[in-house]
Amino acid sequence: MDETGLDKIEIKELEVFANHGVYPEENVLGQKFEFISAYTFYQTRLAGLTDELSASINYGGVSHMITDFTRKHTYKLLESLAENLAEMLLCSLSGLEKITLKIEKPGHRIGPSSENRICGKSHGNGNTAYIAFGSNMGDKRCI
């Protein structure tokens with residue numbers, strides 16, 4: 001449980017081959033995104049009491065949603081990928097109250113690796129996503 005009183009399930013280091021990047025060859029040829037991680041926050045008490053998957057968030061299903069979305073869409077910026085992915089998950093998953101995404105794109109031309117960490121939090125009916133962006137250089141903490 002985190003400081004908000006929500007429980008957290010982590011999906012760590014999904015590998016996805018996708019077509020994201022500023023350079024045309026990245027969009028055409030694609031590349032492997034070695035580490036896409038999602039930290040989902042919601043209430044797990046009902047799932048714990050009932051032992052029913054329908055009372056929880058199916059992290060296998062979430063993994064497939066992340067993979068499918070990342071493969072089907074193309075963005076120049078990791079910020080755009082992360083914002084749209086966070087919004088889709090927040091709007092699609094009942095009970096999901098907050099999500100933190102971490103997307104790493106190895107071999108980025110700026111240096112040996114690039115990382116963007118994106119935080120999203122639903123508010124109200126879950127249809128609004130507030131996004132805070134990290135940087136691919138410097139401090140990588142999600143605030």
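Keep in mind the model is a prediction, meaning the values are calculated, not measured. In what follows, residues are counted from 1 in the order of the sequence shown.
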Student: If you draw a 6.0 Å radius around CZ in Phe17, do more than 12 non-hydrogen atoms from other residues or ligands fall strictly inside?
Tutor: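 Result for CZ/Phe17: enclosed.
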Student: Tell me whether Tyr59 is reachable from Leu96 by hopping between hydrophobic residues (I, L, V, M, F, W, Y) whose side-chain heavy atoms are closer than 4.5 Å.
Tutor: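 Cluster IDs for Leu96 and Tyr59 match.
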Student: Counting distance only, does the side-chain N/O of His20 pair as donor-acceptor with the main-chain N or O of Thr70 below 3.5 Å?
Tutor: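 At least one qualifying donor-acceptor pair exists.
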Student: Taking only residues two or more places apart in sequence or in another chain, which ones pass salt bridge (charged side-chain N to carboxylate O under 4.0 Å, His left out) with Lys12?
Tutor: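 Lys12 satisfies salt bridge (charged side-chain N to carboxylate O under 4.0 Å, His left out) with Glu10 only.
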Student: In Å and rounded to the nearest 0.5 Å, what is the OH to NZ distance from Tyr39 to Lys8?
Tutor: 7.0 Å
Student: Could you walk me through whether Leu14 and Ile11 pass the side chain to side chain contact (heavy atoms under 4.5 Å, CB included) test, one step at a time?
Tutor: CA-CA 7 Å; Leu14 291 173; Ile11 300 168; 3.9 Å; yes
Student: Do the non-hydrogen side-chain atoms of Asn58 and Leu93 ever get within less than 4.5 Å of each other?
Tutor: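 The answer is no, as the side chains (C-beta and beyond) never meet within the 4.5 Å cut-off.
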Student: Taking a hydrophobic cluster as the set of Ile, Leu, Val, Met, Phe, Trp and Tyr residues connected by side-chain heavy atoms closer than 4.5 Å, whether directly or through intermediates, do Val62 and Leu46 fall within one such cluster?
Tutor: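 Different clusters: Val62 never reaches Leu46 through Ile, Leu, Val, Met, Phe, Trp or Tyr contacts under 4.5 Å.
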Student: Got a second to check how far Asn84's CG is from His73's NE2, nearest 0.5 Å?
Tutor: 7.5 Å
Student: Nearest 0.5 Å, what's the OG1-CG distance between Thr74 and Leu81?
Tutor: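 If we round to the nearest 0.5 Å, Thr74:OG1 and Leu81:CG are 9.5 Å apart.
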Student: Nearest 0.5 Å, what's the CG-OH distance between Asp7 and Tyr42?
Tutor: 7.5 Å
Student: Hey, is the main chain of Ser80 close enough, under 3.5 Å, to the side chain of Glu83 for a donor-acceptor pair?
Tutor: no
Student: Go through the steps for Leu89 and Phe69 under the test side chain to side chain contact (heavy atoms under 4.5 Å, CB included), then give the verdict.
Tutor: CA-CA 10 Å; Leu89 292 168; Phe69 186 90; over 6 Å; no
Student: Kindly indicate whether the side chain of Ile99, heavy atoms from C-beta on, has any atom under 4.5 Å from the side chain of Leu101.
Tutor: yes
Student: For the atom pair CZ (Arg45) and OG1 (Thr50), what is the distance rounded to the nearest 0.5 Å?
Tutor: 11.0 Å
Student: Working note: Gln43 + Glu97, criterion side chain to side chain contact (heavy atoms under 4.5 Å, CB included); need CA distance, chi angles, decisive distance, verdict.
Tutor: CA-CA 8 Å; Gln43 298 289 340; Glu97 297 188 34; 3.9 Å; yes
Student: Can you see which heavy atom on Ser56 is nearest to which on Ala47, and at what distance?
Tutor: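 Scanning both residues completely, I find the closest heavy atoms to be CB-CB, 3.7 Å.
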Student: So, the side chain of Glu13 versus the backbone of Ile36: is there a donor-acceptor pair under 3.5 Å, distance only?
Tutor: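 No, because the side chain of Glu13 does not come within donor-acceptor range (under 3.5 Å) of the backbone of Ile36.
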Student: With side chains defined as the heavy atoms from C-beta onward, is the minimum distance between Arg71 and Val16 less than 4.5 Å?
Tutor: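 Touching, per the 4.5 Å side-chain cut-off.
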Student: Check whether Ser37 reaches the backbone of Lys102 with its side chain - one donor and one acceptor, N or O, closer than 3.5 Å.
Tutor: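 Not a single qualifying donor-acceptor pair exists.
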Student: Tyr75 versus Asn19: any side-chain heavy-atom pair under 4.5 Å?
Tutor: no
